[in-house]
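Input: a single structure, listed below in structure tokens.
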Amino acid sequence: MVDSVIGTLLILVIAGLQYILGGSVRFKYSGAIIPILFALFMLYMYLFAHKAGFWAFLVILIVGEILLLSIWDNRYETRQRKLSHAQTHKN
């Protein structure tokens with residue numbers, strides 16, 4: 001029970017950090033930090049901790065990366081649109 005609550009909170013914190021970092025316009029690639037750390041963590045868990053089988057590892061890695069990268073892309077595009085819209089109305 002406690003493990004599932006901690007896991008859920010960890011997922012929410014990671015998604016929140018990705019949401020914050022993904023919206024950075026000055027540093028577009030700051031949104032890549034969390035997906036890279038996630039991939040390295042999953043690789044570590046698979047190779048050394050043996051917490052899951054190969055297919056579970058692969059599914060979690062692919063789904064996690066897709067979600068993190070889609071958050072990054074969505075936030076960056078939204079931020080770009082807001083800035084271009086503000087610049088258009090400013091002139």
Side-chain angles (χ1 to χ4, degrees):
M1 171 77 177
V2 174
D3 288 339
S4 63
V5 171
I6 291 173
T8 303
L9 288 174
L10 185 61
I11 290 169
L12 291 173
V13 167
I14 290 171
L17 285 172
Q18 183 62 13
Y19 184 80
I20 292 167
L21 290 175
S24 176
V25 173
R26 262 190 256 165
F27 306 107
K28 177 181 180 180
Y29 297 107
S30 65
I33 294 170
I34 301 292
I36 290 170
L37 291 176
F38 175 74
L40 292 174
F41 174 74
M42 288 302 298
L43 186 62
Y44 169 79
M45 292 299 283
Y46 178 72
L47 293 176
F48 300 110
H50 302 291
K51 292 285 185 182
F54 175 73
W55 292 109
F57 158 75
L58 198 59
V59 167
I60 292 170
L61 181 66
I62 291 171
V63 170
E65 287 294 324
I66 288 171
L67 290 174
L68 290 171
L69 293 173
S70 66
I71 291 171
W72 176 23
D73 185 52
N74 186 20
R75 283 286 292 155
Y76 185 76
E77 292 298 322
T78 302
R79 185 79 172 131
Q80 283 291 89
R81 272 185 268 143
K82 282 183 182 178
L83 286 177
S84 67
H85 184 19
Q87 287 177 352
T88 304
H89 285 40
K90 183 179 178 182
N91 295 329

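Hydrogens, waters and symmetry mates play no part in the numbers below; they use all other heavy atoms, side chains included. Nothing fancy with the numbering, it's 1 onward along the sequence.
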What pairs with S70 under side-chain contact (heavy atoms from CB on, under 4.5 Å), at least two apart in sequence or on another chain?
none
Does L69 have any side-chain contact (heavy atoms from CB on, under 4.5 Å) partners at least two apart in sequence or in another chain, and if so, which?
P35, E65, W72
Just to verify, what does Y44 make a ring-ring contact (aromatic ring centres under 6.0 Å, His included) with, not counting sequence neighbours?
F48
Can you give each donor-acceptor pair under 3.5 Å made by side-chain atoms of residues 10-18, sequence neighbours left out, with the distance rounded to 0.1 Å?
unit_1: Q18; atom_1: NE2; unit_2: G31; atom_2: O; d: 2.8
unit_1: Q18; atom_1: NE2; unit_2: L68; atom_2: O; d: 3.2

Does the side chain of Y46 reach to within under 4.5 Å of the side chain of M42, using non-hydrogen atoms?
no
Which atom pairs, donor and acceptor, lie under 3.5 Å between side-chain atoms of residues 54-61 and protein residues at least two apart or in another chain?
none

Taking transitive links into account, so neighbours of neighbours count too, which hydrophobic residues share a cluster with I36 at under 4.5 Å side-chain distance?
L40
Cluster check L67, Y76: I/L/V/M/F/W/Y, side chain < 4.5 angstrom
no
Can you tell me how far apart OH (Y19) and CG (N74) are? Round to the nearest 0.5 Å.
8.0 Å
